[in-house]
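The structure appears below as structure tokens.
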Amino acid sequence: MGKLAVGALRAVLLVVLVGTVLVQALMVWTLVSGQDPEDGSLPLTALRVITVLGMVSVQVAVVCVGRLVTMVRRGTVFSHAAFRYVDGVIGAIVAAALVWFAVTIVNAPGQRDDPGVTVIMGGVGVAVLGVALIVFVLRMLLAQAVARDAEASQLQAELAEVI
């Protein structure tokens with residue numbers, strides 16, 4: 001992975017991390033201060049709490065991806081230590097899907113006249129779970145690569161003994 005790609009990805013991850021922290025701070029400030037500028041047509045307190053939780057899942061994913069990028073740059077990504085971060089990304093994606101389903105549930109009563117919106121929102125949640133499954137398949141590929149790397153190391157050691 002090139003230095004430019006790593007630098008660009010780290011910059012994007014930093015912007016996302018700072019942005020989510022700012023959104024969380026604003027949501028928590030609005031909840032704590034009790035000053036709600038909205039008209040109250042939606043259950044905004046529930047949506048703000050859900051937003052804060054959703055931002056946590058994004059932050060977990062960003063930190064895990066950042067650690068994986070560091071491992072790629074160092075050449076240590078094909079190790080058992082990488083699984084912790086890949087599992088963190090999978091967990092964060094599943095948590096984001098659950099948060100999205102919570103948004104769908106909170107929003108559903110307001111969509112009685114047009115239930116298609118709720119169905120579409122549910123479909124988006126299922127699609128997010130599909131992304132988690134894709135990352136899980138990539139985790140299995142990583143497991144195979146780690147096993148092959150360990151096997152290659154063992155064969156090289158045996159060959160060195162023979163020579």
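It should be emphasised that the depicted structure is a prediction, and the values quoted were computed from it without experimental measurement.
- Residues R73 and K3 meet the side-chain proximity criterion, which asks for heavy atoms closer than 4.5 Å.
- Within the 4.5 Å cutoff, side-chain heavy atoms of Q59 are placed close to those of Q24.
- Under the 4.5 Å side-chain heavy-atom criterion for ILVMFWY residues, no single connected hydrophobic cluster contains both V106 and I120.
- At a threshold of 4.5 Å between side-chain heavy atoms, the hydrophobic network of Ile, Leu, Val, Met, Phe, Trp and Tyr places I134 and M140 in two separate groups.
- Counting heavy-atom neighbours within 6.0 Å of L155 CG, excluding the residue itself, gives a total above 12.
- Contact of the L68 side chain with the Y85 side chain is registered, since non-hydrogen atoms from C-beta on lie closer than 4.5 Å.
- Here the closest heavy-atom approach between residue A95 and residue S57 is recorded as CB-CB, 4.0 Å.
- Between Q154 and E158, the closest side-chain pair of non-hydrogen atoms falls below 4.5 Å.
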Criterion side chain to side chain contact (heavy atoms under 4.5 Å, CB included) on R67 and R84, from CA distance to verdict: CA-CA 10 Å; R67 294 296 301 153; R84 172 180 28 190; over 6 Å; no

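- Closest non-hydrogen pair, V89 versus A61, comes out as CG2-O, 4.2 Å.
- In the hydrophobic cluster analysis, where Ile, Leu, Val, Met, Phe, Trp and Tyr join through side-chain heavy atoms closer than 4.5 angstrom, V62 is grouped together with V135.
- Side chains of S79 and M71 form a contact here, defined as non-hydrogen atoms less than 4.5 Å apart.
- For A82 against V77, the heavy-atom pair with the smallest separation is CB-O, 3.2 Å.
- Both V65 and V6 are members of a single hydrophobic cluster when ILVMFWY side chains are connected at heavy-atom separations under 4.5 Å.
- Atoms CZ and CG, on R48 and L26 in that order, are 10.0 Å from each other to the nearest 0.5 Å.
- W100 contributes no side-chain N or O that, together with a main-chain N or O of V128, makes up a donor-acceptor pair within less than 3.5 Å.
- Between the OG1 atom in T20 and the CE atom in M55 there is a gap of 6.5 Å [rounded to 0.5 Å].
- Both I93 and F83 belong to a single network of hydrophobic side chains, linked directly or stepwise wherever heavy atoms of I, L, V, M, F, W or Y lie under 4.5 Å apart.
- Looking at T70, its side chain does come within 3.5 Å of a backbone N or O of G66 through a donor-acceptor pair.
- Among residues at least two apart or in separate chains, there is no side-chain hydrogen bond (donor to acceptor under 3.5 Å, both in side chains) pair with a member in residues 88-98.
- The environment of F136 atom CZ is sparse: at most 12 non-hydrogen atoms of other residues, nucleotides or ligands sit within 6.0 angstrom.
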